[in-house]
Peer 1: 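Sharing a structure, written as structure tokens. Questions coming.
Computation of the quantities below employed the complete heavy-atom set of this structure, encompassing side-chain atoms and omitting hydrogens, waters and symmetry-equivalent molecules.
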Amino acid sequence: QVQLVESGGGLVQAGGSLRLSCAASGRTFSSDTMGWFRRPPGKEREFVAAISWSGGSTYYADSVKGRFTISRDNAKNTVYLQMNNLKPEDTAVYYCAAGSSWGNRSSRNSRNYDYWGQGTQVTVSS
């Protein structure tokens, strides 16, 4: 059974940091594009960041660029999202996803991802 399991969410004050992890199981994801998306309260799901299969290329939403860093460890079948200088508007449920498309537009589109985790809540207080 293929599974993506996120962890590391929680409550943090504005300006603080969190590191999300997404552990994959059931098959290797070393050839997949991995992405992070989030769903803020009352809003649609939105793209956060994506990383190529090798980890050599990344894309970020403008709202998180310079504050968030996506990385992966293919040996551990795990992808990470380091979130620094968190803001109240970063409050959301964060999801990791795996897909086979790579590109500036395709990696930002949730429809190009085949596997999804259950999500982890991140709450940033002001």
Side-chain angles (χ1 to χ4, degrees):
Q1 182 181 1
V2 176
Q3 273 192 314
L4 299 176
V5 180
E6 302 95 337
S7 61
L11 173 64
V12 65
Q13 288 189 330
S17 298
L18 283 174
R19 188 196 196 201
L20 304 183
S21 299
C22 173
S25 62
R27 71 169 180 86
T28 180
F29 285 86
S30 59
S31 298
D32 289 59
T33 294
M34 300 298 294
W36 285 96
F37 290 77
R38 67 186 182 186
R39 186 188 298 275
K43 296 184 179 181
E44 297 292 316
R45 183 171 55 190
E46 62 186 27
F47 169 77
V48 176
I51 189 167
S52 62
W53 68 272
S54 67
S57 297
T58 56
Y59 295 119
Y60 294 94
D62 288 343
S63 58
V64 307
K65 198 174 296 183
R67 301 187 297 120
F68 291 12
T69 303
I70 187 172
S71 61
R72 67 190 297 165
D73 185 337
N74 285 340
K76 296 182 178 179
N77 231 15
T78 301
V79 64
Y80 306 96
L81 186 68
Q82 177 67 42
M83 305 185 295
N84 298 329
N85 190 22
L86 283 160
K87 304 176 180 180
E89 52 264 41
D90 294 318
T91 294
V93 178
Y94 283 71
Y95 301 89
C96 72
S100 56
S101 296
W102 177 252
N104 190 17
R105 295 185 66 180
S106 60
S107 299
R108 298 170 187 268
N109 189 337
S110 61
R111 296 180 181 180
N112 291 323
Y113 291 83
D114 305 307
Y115 300 98
W116 291 84
Q118 83 290 347
T120 185
Q121 177 70 47
V122 171
T123 302
V124 184
S125 63
S126 57

Peer 1: Is it true that a side-chain atom of Tyr113 and a backbone atom of Ser101 form a donor plus acceptor pair closer than 3.5 Å?
Peer 2: no

Peer 1: Is the ring centre of Tyr59 less than 6.0 Å from the ring centre of Phe47?
Peer 2: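 No, the ring centres sit 6.0 Å or more apart.
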
Peer 1: Which one of Glu89, Glu46, Glu44 satisfies the salt bridge (charged side-chain N to carboxylate O under 4.0 Å, His left out) criterion with Arg38?
Peer 2: Glu46

Peer 1: Is Tyr95 linked to Trp36 within one hydrophobic cluster, defined over Ile, Leu, Val, Met, Phe, Trp and Tyr using a side-chain heavy-atom separation of less than 4.5 Å?
Peer 2: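 Unlinked, Tyr95 and Trp36 end up in two clusters.
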
Peer 1: Could you walk me through whether Leu86 and Gln13 pass the side chain to side chain contact (heavy atoms under 4.5 Å, CB included) test, one step at a time?
Peer 2: CA-CA 8 Å; Leu86 283 160; Gln13 288 189 330; over 6 Å; no

Peer 1: Hey, does Leu20 have a side-chain heavy atom less than 4.5 Å from the side chain of Val122?
Peer 2: yes

Peer 1: Do other residues, nucleotides or ligands put more than 12 heavy atoms under 6.0 Å from Trp102 CH2?
Peer 2: yes

Peer 1: Between Ser30 and Thr28, is there a donor-acceptor pair closer than 3.5 Å when you use the side chain of the first and the backbone of the second?
Peer 2: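 No: the side chain of Ser30 does not pair with the backbone of Thr28.
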
Peer 1: Quick one: CD on Glu6 to CD on Gln118, what's the gap to the nearest 0.5 Å?
Peer 2: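 Between atom CD of Glu6 and atom CD of Gln118 there are 4.5 Å.
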
Peer 1: Is there side-chain contact between Asp90 and Arg67, with heavy atoms separated by less than 4.5 Å?
Peer 2: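 Touching, per the 4.5 Å side-chain cut-off.
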
Peer 1: Is a salt bridge present between Lys65 and Asp62, judged by a nitrogen-to-oxygen distance below 4.0 Å?
Peer 2: yes

Peer 1: So does Asp32 pair up with Arg72, basic N to acidic O under 4.0 Å?
Peer 2: no

Peer 1: Looking at CG of Leu81 and OG1 of Thr120, how far apart are the two atoms once the value is rounded to the nearest 0.5 Å?
Peer 2: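 If we round to the nearest 0.5 Å, Leu81:CG and Thr120:OG1 are 11.0 Å apart.
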
